[in-house]
Structures are given as C-alpha cells and as structure tokens.
Amino acid sequence: MEVIFAGLRQSGRFDLEAIEMRIRAAAHQMGAKVLQQLLQAPERFERERPCGCGQKARFHQIRPRRVLTAVGAVRFERPYYLCPSCHQGQSPRDEQLDVVDTECSPGVRRMMALVGSNGSFAQGREQLEALAGLQVTTKAVERHAEAIGGDIAAGEQAERQRALQLELPTVRGPEIPVLYIEMDGTGVPMVTAETEGRVGKIAGQRARTREAKLGCVFTQSGVDGKGRPVRDQASTTYSGAIETAEEFGVRLYHEAWQRGWCRAKRKVVLGDGAPWIWNLADYHFPGATQIVDLYHARQHLWELAAKLYPADSKQRKTWACKLQRKLDAGQIESLVAELGRFPTSDRKVEEQIRIEVEYFLHNAHRMRYPTFRKQHLFIGSGVIEAGCKTIIGSRLKQSGMFWTLRGANAILALRANRLSGRFEQYWENRVRAA
C-alpha cells in the first residue's frame with residue numbers, strides 16, 4: 001500500500017487497473033504465506049504406517065514439497081515413509097491434501113478443467129494468468145483437464161457396468177408427461193494413429209476423423225399459447241463418446257433411466273434417418289414414439305432436387321416445394337409415388353431416386369407429422385444438433401486440432417458433464433470420496 005500511495009503522490013494519476021492488480025498480487029502473497037504455515041508438518045507424527053503390500057512403511061525423512069495453489073506457489077515440509085518390503089514410498093500429507101503425483105492443488109486443477117474444456121489449452125493458460133494471476137504451462141492445462149475428464153468418464157463407465165450386472169433401481173419422483181431422447185453423430189479430427197486402417201469418406205483415401213456419438217435427454221411438461229411444445233427449462237442432459245453404436249446404446253439407455261424413463265407417461269425418440277439410431281431405438285427404447293427430424297427429411301428432398309434439376313433452379317424449387325408439402329402433410333405414400341413417376345433414363349439418377357424411395361418408405365411411420373403436431377410433440381431434433389455444435393464442434397473441431405481417442409473422449413465427457421449441470425456435484429462427490 002505504501003508503494004501504491006507513493007506512486008499516486010509522485011504521478012498524480014489514478015490507474016485503477018494497475019492498483020487493483022497490485023492489490024490482488026499482494027493479497028495472493030499474503031494468502032500463500034498463511035497457507036504455507038497451515039501446511040507445515042505437525043511436530044508429532046507416526047513412525048510407521050500401513051503399506052499397500054500389507055507390510056509396514058517406516059518413517060524415512062522430512063521432505064520438502066512445492067504446490068501451486070489458487071493463491072500462488074507454497075512450500076512446506078511433510079513426513080515421508082518408505083516400505084522396506086516393496087520399497088514404495090508414501091506421504092500421508094500428500095494424500096490428505098489430494099496432491100499425490102501432481103504439482104497443483106485441487107483448486108488449481110479445477111480451474112484448469114474449466115478453462116481447458118472451454119477453449120484450446122493455450123487459451124486456457126492465458127485465461128488462468130489473466131483472471132487468476134497463475135502462471136502454468138499449456139501442457140499442464142491439457143494434462144489436468146484431460147485427467148479430470150477421464151475421471152468423469154471412468155466413473156460413468158463404472159456406473160454403466162454395475163447397471164449391466166444388476167437390475168436398475170427405479171428412480172423415484174413425479175410423473176414425467178413427455179420424455180425425449182435424441183441422438184446424433186459428428187466427425188472429430190484425429191491423429192493419424194487413431195485412424196489407421198479406417199476407410200475415409202472419399203474413395204482411396206484414409207479416414208481423418210472418428211465419429212463422436214452424442215445423446216441428450218430432456219422433458220416437456222406443457223405447450224405455449226399456440227399449442228407448440230415447450231422444453232422444460234434446464235431439463236437437458238448429455239452423454240457421448242467416440243465408441244461403437246452398441247456401447248453408445250448402453251450409455252444412452254442408462255442416461256434415460258437416470259432421468260426417469262420408467263416414470264415417463266410418453267416417450268419419444270427423435271433423430272435423423274441414420275439406421276444405427278433406429279436400431280438402438282428399437283432395441284433399448286421399445287414402445288417409444290419414433291420421429292424423424294422433419295428438417296432432415298426436407299433436406300433429402302432438396303438435395304435430390306438439386307441432382308434432378310442441376311441447371312434449372314426454378315423447376316428445382318417448384319418440384320421440391322410440391323413434394324415438401326406432401327412430406328409436411330405426412331403423405332409419404334403419395335410422395336414416394338411422385339418420386340417413382342419422375343421421367344429419367346439416367347441410371348445414376350434412377351439409383352439416387354431408388355435410395356430416396358427406400359429412405360422415405362422405411363421411415364414412413366416416423367414421418368406422420370400432422371399426427372405428431374396434434375399430440376403437441378417436437379418434430380425437429382434441434383436440441384441434439386445444437387448439442388453437437390456446442391459440446392463437440394466448438395471445442396474438438398477447431399482449426400488445426402487433432403485428437404487422440406483418450407484425449408477427445410476425456411474432453412467430451414468433461415464438457416457433457418458441465419453442460420448437463422453436473423460438474424459441481426461431481427466435484428463434491430470427488431472431495432467426499434477423497
């Protein structure tokens with residue numbers, strides 16, 4: 001404070017930013033000194049401690065330790081034990097403080113997880129320095145963010161394994177009017193080793209991405225003044241990973257069960273026309289109303305129209321709008337008949353029409369949109385599409401990013417956990433378990 005006031009008297013200028021940064025730095029220094037005193041080893045401690053091998057670890061020496069905390073670096077000493085049988089060392093103080101094999105305190109690691117899940121790890125490092133006054137490396141942000149995301153993923157996997165072995169308990173609560181399940185997938189750029197042997201989308205080229213599957217569950221309790229469905233506020237939770245469809249099905253089923261699947265009066269599965277989505281819906285969610293996203297189905301028509309009328313935009317629009325009206329009206333059989341009457345002798349065009357005919361016929365019962373509207377149900381999968389962009393795209397698909405499978409799944413788990421509003425609960429449970 002003396003330095004600050006001396007500067008004010010000398011310059012006559014009041015630089016608020018400089019002053020508040022100096023005061024913060026001083027407060028951190030003072031806090032670090034207080035914390036350092038609190039962490040010093042007690043005068044009395046055990047001479048022996050149990051070792052994981054079943055023998056006794058003996059006191060070896062007092063060792064110094066440096067840990068980066070939310071108020072800066074602190075140094076303290078603590079007793080260190082060594083087992084004469086297995087030669088493994090341990091420090092009970094490190095275990096108590098949750099700093100075993102890490103140079104950062106739990107508070108700093110939590111900050112790293114938050115900034116590391118929001119943007120690039122380099123941006124996270126900059127944010128920690130600017131917002132918290134902490135200087136760390138980009139690699140440290142990456143390491144700790146992925147470690148916490150990996151811990152979240154491992155905990156979720158353990159819960160799913162228990163669910164497979166035991167009958168899932170009924171999740172008690174009030175009846176849910178409508179419970180929705182949506183799922184989708186999007187490619188994540190990977191390092192070369194993670195795509196070895198995988199065929200790319202372009203013939204003759206290797207794959208450069210792996211598909212991350214994402215699912216969400218949300219509820220609907222009412223409609224707006226025009227009778228349109230309204231998603232319940234803060235009711236959406238997410239779960240996803242780069243994994244097989246079979247593994248993802250178990251993941252999403254567990255998520256739906258946790259959210260009250262057994263208490264839902266009406267159950268709806270929404271998605272695009274991908275076969276894996278409806279295979280999972282039939283297997284894991286029997287009895288649910290299945291709806292193909294209307295806007296995805298419309299896209300099929302417009303993409304086909306572009307191939308049928310590549311040089312005539314007016315005719316393309318007229319043709320697509322005519323079939324779209326049939327689609328919106330749920331007249332899929334009439335739409336298919338119209339496709340079948342299209343005059344062409346081009347085999348490529350015939351094959352494209354055949355593919356679309358098959359698509360609409362196979363999904364006809366999922367495209368009765370007037371019926372779904374009368375029942376006040378959502379007919380678009382915008383929630384999961386936005387989720388793919390927010391949870392996966394905005395973090396894992398930034399320019400120049402290439403991921404390992406472990407790293408991508410860790411950050412995906414961390415972001416899904418945070419955007420599901422579960423991070424605080426995870427952290428509390430983690431501290432309680434420690």
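- At most 12 heavy atoms of other shown residues, nucleotides or ligands fall within 6.0 angstrom of atom CZ in R198.
- Checking side-chain atoms of H376 against main-chain N and O of G227 turns up a donor-acceptor pair under 3.5 Å.
- Residues H144 and E103 form a side-chain contact, since some pair of their non-hydrogen atoms from C-beta on lies under 4.5 Å apart.
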Exercise. Between L68 and L134, does a side chain to side chain contact (heavy atoms under 4.5 Å, CB included) hold up when you go through it step by step?
Worked result: CA-CA 8 Å; L68 180 64; L134 298 176; 4.2 Å; yes

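- Within the 4.5 Å cutoff, the side chain of C321 has heavy atoms near those of the W302 side chain.
- Residues R263 and L179 fail the side-chain proximity criterion, which asks for heavy atoms closer than 4.5 Å.
- The shortest heavy-atom contact between S394 and T390 is OG-O, 2.6 Å.
- Between the side chain of N429 and the main chain of Q425, a donor-acceptor pair closer than 3.5 Å is present.
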Problem set entry | Verdict with reasoning, I332 to L327, per side chain to side chain contact (heavy atoms under 4.5 Å, CB included) | CA-CA 6 Å; I332 309 305; L327 174 65; 3.8 Å; yes

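- Under 4.0 Å is where a charged nitrogen must lie from a carboxylate oxygen, and between R110 and E424 at least one such pair does.
- Aromatic ring orientation, Y369 versus F372: perpendicular (interplanar angle above 60°, classes split at 30° and 60°).
- Checked against D184 for a side-chain contact (heavy atoms from CB on, under 4.5 Å), the options L270, L214, D272, I392 give a single hit: D272.
- Using a distance-only test at 3.5 Å, with no hydrogens or angles considered, a donor-acceptor pair links the side chain of T195 to the main chain of T192.
- The two atoms that bring A416 and S420 nearest to each other are O-OG, 2.7 Å, heavy atoms only.
- Within a 6.0 Å sphere centred on CD of E159, heavy atoms belonging to other residues, nucleotides or ligands number more than 12.
- Using a cutoff of 4.0 Å between basic side-chain nitrogens and carboxylate oxygens, E95 and R78 are not scored as salt-bridged.
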Exercise. Checking side chain to side chain contact (heavy atoms under 4.5 Å, CB included) for the pair R298/D328: CA distance, chi angles, key distance, verdict?
Worked result: CA-CA 9 Å; R298 285 178 177 175; D328 292 356; 2.8 Å; yes

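- Note that OG of S381 is 14.0 Å distant from CD1 of I181, once rounded to the nearest 0.5 Å.
- F59 CZ: more than 12 foreign heavy atoms inside a 6.0 Å radius.
- Between Y180 and the choices L377, I291, T289, the side-chain contact (heavy atoms from CB on, under 4.5 Å) rule is met once, by L377.
- Between R109 atom CZ and C104 atom SG the span is 7.5 Å, to the nearest 0.5 Å.
- Residue pairs meeting the side chain to side chain donor-acceptor pair (under 3.5 Å) criterion with at least one member in residues 23-36: none, sequence neighbours excluded.
- Among the candidates R415, E146, R418, the single residue satisfying the side-chain hydrogen bond (donor to acceptor under 3.5 Å, both in side chains) test with S117 is R418.
- Here the side chains of F360 and H300 are in contact, with some heavy-atom distance below 4.5 Å.
- Remark: Q205 CD is packed, more than 12 non-hydrogen atoms of other residues, nucleotides or ligands lying under 6.0 Å away.
- Taking each heavy atom of W278 and A274 in turn, the nearest pair found is CD1-O, 3.4 Å.
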Per-pair distances, 0.1 Å, donor-acceptor, side chain in residues 235-244, under 3.5 Å, sequence neighbours excluded:
unit_1 : atom_1 : unit_2 : atom_2 : d
S235   : OG     : T219   : N      : 3.3
S235   : OG     : D232   : O      : 2.8
T236   : OG1    : R231   : NH1    : 2.8
T237   : OG1    : E255   : OE2    : 2.6
T237   : OG1    : R259   : NH1    : 2.9
S239   : OG     : R251   : NH1    : 3.1
E243   : OE1    : R251   : NH2    : 3.4
E243   : OE2    : R251   : NE     : 2.7
T244   : OG1    : E247   : N      : 3.2
T244   : OG1    : E247   : OE1    : 3.2

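- Residues passing the salt bridge (Lys or Arg N to Asp or Glu O under 4.0 Å) test with E175: none are found, sequence neighbours excluded.
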Cut-off 3.5 Å, no hydrogens considered: what does the side-chain donor-acceptor table look like for residues 47-54, sequence neighbours left out?
unit_1 : atom_1 : unit_2 : atom_2 : d
R49    : NE     : Q90    : OE1    : 3.3
R49    : NH1    : E46    : OE1    : 3.0

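- Within the 4.5 Å cutoff, the side chain of K397 has heavy atoms near those of the P189 side chain.
- Around the CD atom of Q61, the shell of radius 6.0 Å holds more than 12 heavy atoms that belong to other residues, nucleotides or ligands.
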Show which side-chain atoms of residues 120-128 pair as donor or acceptor with protein atoms under 3.5 Å away, not counting sequence neighbours.
unit_1 : atom_1 : unit_2 : atom_2 : d
S120   : OG     : Q123   : N      : 3.1
Q123   : OE1    : S120   : N      : 3.1
R125   : NE     : T138   : OG1    : 3.2

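- Looking only at side-chain heavy atoms (C-beta outward), D293 and I384 stay at 4.5 Å or farther from each other.
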Exercise. Should R63 and S91 be marked as a side chain to side chain contact (heavy atoms under 4.5 Å, CB included) after you check the CA-CA gap, both sets of side-chain angles, and the distance that decides it?
Worked result: CA-CA 9 Å; R63 285 191 175 183; S91 171; over 6 Å; no

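- Side-chain contact between V99 and R65 is present, with heavy atoms from C-beta onward closer than 4.5 Å.
- A centroid separation of less than 6.0 Å is found between the aromatic rings of W261 and F285.
- The two residues A281 and V269 have their closest heavy-atom pair at CB-CG1, 3.9 Å.
- You'll find the side chain of P177 stays beyond 4.5 Å of the side chain of Q220, heavy atoms only.
- Counting only residues at least two apart or on different chains, the salt bridge (Lys or Arg N to Asp or Glu O under 4.0 Å) pairs with a member in residues 357-378 are E333-R368, R354-E358.
- In this structure, H284 NE2 and H254 NE2 are separated by 13.0 Å, a value rounded to the nearest 0.5 Å.
- Atoms CD and CE, on E142 and M112 in that order, are 12.0 Å from each other to the nearest 0.5 Å.
- Distance check: I152 CD1 to I411 CD1 gives 9.5 Å after rounding to the nearest 0.5 Å.
- Here CG of L301 is found 11.0 Å from NE2 of H296. Values are rounded to the nearest 0.5 Å.
- For V292 against A297, the heavy-atom pair with the smallest separation is CG1-CB, 4.4 Å.
- Closest of all the heavy-atom pairs between L39 and F76 is O-CD1, 3.5 Å.
- At most 12 non-hydrogen atoms from other residues, nucleotides or ligands lie less than 6.0 angstrom from CZ of R58.
- One N or O on the side chain of W403 and one on the backbone of L396 form a donor-acceptor pair closer than 3.5 Å.
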